[in-house]
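Report on one structure; see the data block that follows.
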Amino acid sequence: MNMIANLQTDITPDGPDYDIVRRVIELITEDYRDQPSLEAIAARLNQSPTQLQKTFTRWAGLSPKGFLQAVTLDHAKRLLRGEDMPLLETSIEVGLSGPSRLHDLFVTHEAMSPGEWKAKGGGLTIRYGFHICPFGVALIMVTDRGLAGLAFSDSGDERACLEDMTCRWPNACYVEDLQATVPYAARIFEPGKWSSDQPLRVVLIGTDFQVRVWQSLLKIPFGKAVTYSDIANDIGRPTAQRAVGAAVGANPISFVVPCHRALGKNGALTGYHWGLTRKRAMLGWESAHA
């Protein structure tokens, strides 16, 4: 198994924008209850308010203030209860976009058989690569059947992230292969490349129950959110909210299978395997692009 993690490809925009924006997002998501002003954020980062506003807006698609509003609890509640919030209906074909989902990353998926899952990756070759993305460092893992894993880490924590993911399928053969993962990185984080004509292929590796929960997550429209209770009802297990929460937390394809859009009762963000700051950043980024 090749466990050496190298960052050889940077898919972020040119210039220092990413580092500045990342620090802004961290400040906003950590201090969002205090509603920090643009001037206060700029002072913390030794930037001028005008330049910071331009940089953040260019990269994130909205102002720091707009992003701050997108990560508040009130906004989360609106995601859950807004009048335009579609219910999780079986009439929405899982993995394909309907008329109300024009901003979605179009996904088509298949699930590995129970026997393949029980083999814990045995006989499977998983190619992986690390890529800079809007949410830190992304670990992308692919098989010949499509995207199998997407995880996130901060710079310097790549090895721990890789170990976290490889222990899920300990019998697989892992090969670092940036040529295989770069096309996925470029598509996943660039809404302009999301197209129903070329859906992203995804392979779900988990128990039958986990796969059903992940399929339900795929129904949540871009820029919206549901509760664990909603998911439990959607899969026909209304009393299994705790088990649903565990399956959501075990999702191996974060962001693409949008576990960050699953919230607790009344809009509480609850936990996120890759950190609550990152979950808030994802919800805010989606609000900007919705």
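The two atoms that bring Y272 and L276 nearest to each other are N-CD2, 4.2 Å, heavy atoms only. The shortest heavy-atom contact between S155 and E158 is CA-OE2, 3.6 Å. Considering all non-hydrogen atoms of both residues, A225 and L263 come closest at CB-CD1, 3.7 Å. Contact between G206 and V211 at its shortest, heavy atoms only, is O-CG2, 4.0 Å. A pairwise comparison of heavy atoms in C133 and A138 identifies SG-CB, 3.8 Å as the closest pair. Nearest heavy-atom pair across P258 and V256 is CD-O, 3.2 Å.
With sequence neighbours left out, E39 forms a salt bridge (Lys or Arg N to Asp or Glu O under 4.0 Å) with no residue at all. With sequence neighbours left out, the salt bridge (Lys or Arg N to Asp or Glu O under 4.0 Å) criterion links R201 to no other residue. Contacts of W117 classified as side-chain hydrogen bond (donor to acceptor under 3.5 Å, both in side chains), with partners at least two apart in sequence or in another chain: none. For A160, there are no side chain to side chain contact (heavy atoms under 4.5 Å, CB included) partners two or more places apart in sequence or in a different chain. Under the side chain to side chain contact (heavy atoms under 4.5 Å, CB included) criterion, T50 pairs with S48, K54, not counting sequence neighbours. With sequence neighbours excluded, no residue satisfies salt bridge (Lys or Arg N to Asp or Glu O under 4.0 Å) with R237. In terms of the side chain to side chain contact (heavy atoms under 4.5 Å, CB included) criterion, residue partners of E110 (sequence neighbours excluded) are, by chain and number, R145, V203. The side-chain hydrogen bond (donor to acceptor under 3.5 Å, both in side chains) check on S153 picks up nothing, with sequence neighbours excluded. A search for side chain to side chain contact (heavy atoms under 4.5 Å, CB included) contacts involving A262 returns L217, Y228, I231, V248, not counting sequence neighbours.
The list of salt bridge (Lys or Arg N to Asp or Glu O under 4.0 Å) pairs with a residue in residues 120-132, not counting sequence neighbours, reads R127-D177. Applying the salt bridge (Lys or Arg N to Asp or Glu O under 4.0 Å) test to pairs two or more places apart or on separate chains, none has a residue in residues 240-256. For the salt bridge (Lys or Arg N to Asp or Glu O under 4.0 Å) condition, the pairs that include at least one residue of residues 146-157, sequence neighbours left out, are D154-R278.
The closest donor-acceptor contact from the side chain of E190 to the backbone of R187 lies at 3.5 Å or more, if one exists at all. In this structure a side-chain-to-backbone donor-acceptor pair under 3.5 Å is missing from N233 to D230. In this structure a side-chain-to-backbone donor-acceptor pair under 3.5 Å is missing from Q53 to Q51. Remark: side-chain polar atoms of W214 are not paired, donor with acceptor, to backbone N or O of C259 under 3.5 angstrom.
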* To do: Apply the test side-chain contact (heavy atoms from CB on, under 4.5 Å) to residues F152 and S254: give CA-CA distance (whole Å), side-chain angles for both, the deciding distance (0.1 Å), then the verdict.
  => CA-CA 8 Å; F152 297 93; S254 298; 3.8 Å; yes

* Could you give me the CA-CA distance, side-chain angles and deciding distance for I126 and V142, then say whether side-chain contact (heavy atoms from CB on, under 4.5 Å) is met? => CA-CA 6 Å; I126 298 179; V142 302; over 6 Å; no

* Can you check side-chain contact (heavy atoms from CB on, under 4.5 Å) on R212 and D234, steps first, answer last? -> CA-CA 9 Å; R212 289 168 61 196; D234 182 56; over 6 Å; no

* side-chain contact (heavy atoms from CB on, under 4.5 Å) evaluation trace for L150 with M141 -> CA-CA 6 Å; L150 176 55; M141 312 181 87; over 6 Å; no

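Between M165 and L139, the closest side-chain pair of non-hydrogen atoms falls below 4.5 Å. At a threshold of 4.5 Å between non-hydrogen side-chain atoms, the residues V202 and L218 do not count as touching. For the pair T166 and Y128, the minimum side-chain heavy-atom distance is 4.5 Å or more. W274 has its side chain out of reach of F135: every pair of non-hydrogen atoms, C-beta onward, lies at least 4.5 Å apart. Contact annotation: the side chain of L147 approaches that of I253 to within less than 4.5 Å [non-hydrogen atoms, C-beta and beyond]. Counting heavy atoms from C-beta on, the side chains of I205 and W169 come closer than 4.5 Å. Between Y184 and H131 the shortest side-chain heavy-atom distance does not fall below 4.5 Å. Using a 4.5 Å heavy-atom cutoff, the side chains of L124 and C173 are not in contact.
Note that CG of L283 and NZ of K224 are 12.5 Å apart. Values are rounded to the nearest 0.5 Å. Expressed to the nearest 0.5 Å, how far CZ of F189 lies from CD1 of I132 amounts to 10.5 Å. Summarising the geometry, atom CG belonging to L178 is positioned 4.5 Å from atom OG1 belonging to T181; distances are rounded to the nearest 0.5 Å. Atoms CD and CG, from Q210 and L204 in turn, are 10.5 Å apart once rounded to the nearest 0.5 Å. The line from NZ of K118 to CG of N171 is 15.0 Å long, rounded to the nearest 0.5 Å.
Between F222 and W194, a ring centre-to-centre spacing shorter than 6.0 Å is recorded.
For the residue pair H273 / D164, a side-chain donor-acceptor distance below 3.5 Å is found, with atom types taken as modelled.
With respect to E286 and R261, a salt bridge is recorded, a charged nitrogen being found less than 4.0 Å from a carboxylate O.
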